[in-house]
Amino acid sequence: MNILHWSPRSPYVRKVMVAIHEKGLTDEVETVRTLADPMVPPKDFFATNPLAKIPTLEREGAPPIWDSRVVMEWADLTSETGPRLFPADPETRLQALTDEALGTGMIEVGMALLIERHLRDSKRQDPRVFDVCTTKFTATLDYLEGHAARLEARAFDAGHLSVGVALCYLDFRFGDLEWRKGREALAAWHEGFAARPSVVATEFRDDPRPAD
Ligand SMILES: N[C@@H](CCC(=O)N[C@@H](CS)C(=O)NCC(=O)O)C(=O)O
């Protein structure tokens, strides 16, 4: 059996979980709850992934792999079922990869903001981090609003998946941002994304923190 180091809080893991559902691989992957704390990484995990990050997939009979995009590629390569997440046509693939990077980039901004807000000692917090993160969120969301028709026009792929999960993550952690306000086209596109069974089945959740 393949083992996925997993958390219901992680947006990177959620990308992979949506991919696993889309590709019909849920019976091929067992999830194990793994703590991913950048300030206190779990020591045992370094032997599996030297970066001690999730998602990490321990494959049956093959070396482990990590990074959400890589594990999504694994899902796409492993199963013919469902949408082709990384399209073969060169231009379509580049668009998919660029949108994939945009969604992941939004998640990275969210992570930076979360660390500054909640993990950094309040005396050492830097207001510039808050400003830059908010500016990047706004710029990316405005860009996506302008490109919602382009997203609608392309068949579902890794780009949609990544952007869609990033927006779900904004709802989960940054509700105060009210990202839908003035962005009706993006909100309408995301409504369709959020209704996909793969997305419904993988909701974010603040579960109890596992023991270190
Ligand atoms: N580029 C990686 C980022 C993964 C990542 O940073 N995951 C977080 C959990 S949301 C983590 O493992 N953090 C622990 C750490 O940074 O030590 C990916 O796309 O999978």
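Atoms within each ligand, like the ligands themselves, are counted from 1 in listed order.
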For Glu178, all residues meeting salt bridge (Lys or Arg N to Asp or Glu O under 4.0 Å), sequence neighbours excluded: Lys181
Could you pull out the N/O contacts under 3.5 angstrom between ligand 1 and the surrounding protein atoms?
residue	atom	partner	partner atom	Å
ligand 1	1 (N)	Asp67	OD2	2.9
ligand 1	6 (O)	Lys53	NZ	3.3
ligand 1	7 (N)	Ile54	O	2.8
ligand 1	12 (O)	Ile54	N	2.9
ligand 1	16 (O)	Lys53	NZ	3.1
ligand 1	19 (O)	Ser68	N	3.2
ligand 1	19 (O)	Ser68	OG	2.6
ligand 1	20 (O)	Ser68	N	2.7

Lys/Arg N to Asp/Glu carboxylate O, Arg84 vs Asp76, below 4.0 Å: yes
Note: Arg69-Asp67 ion pair, threshold 4.0 Å (strictly below): no
Partner of Thr202 under side-chain hydrogen bond (donor to acceptor under 3.5 Å, both in side chains), chosen from His21, Arg14, Arg196: Arg14
Interatomic distance, Thr56 atom OG1 to Ile3 atom CD1 [nearest 0.5 angstrom]: 12.0 Å
Geometric class of the Tyr169/Phe174 ring pair [parallel <30°, tilted 30-60°, perpendicular >60°]: perpendicular
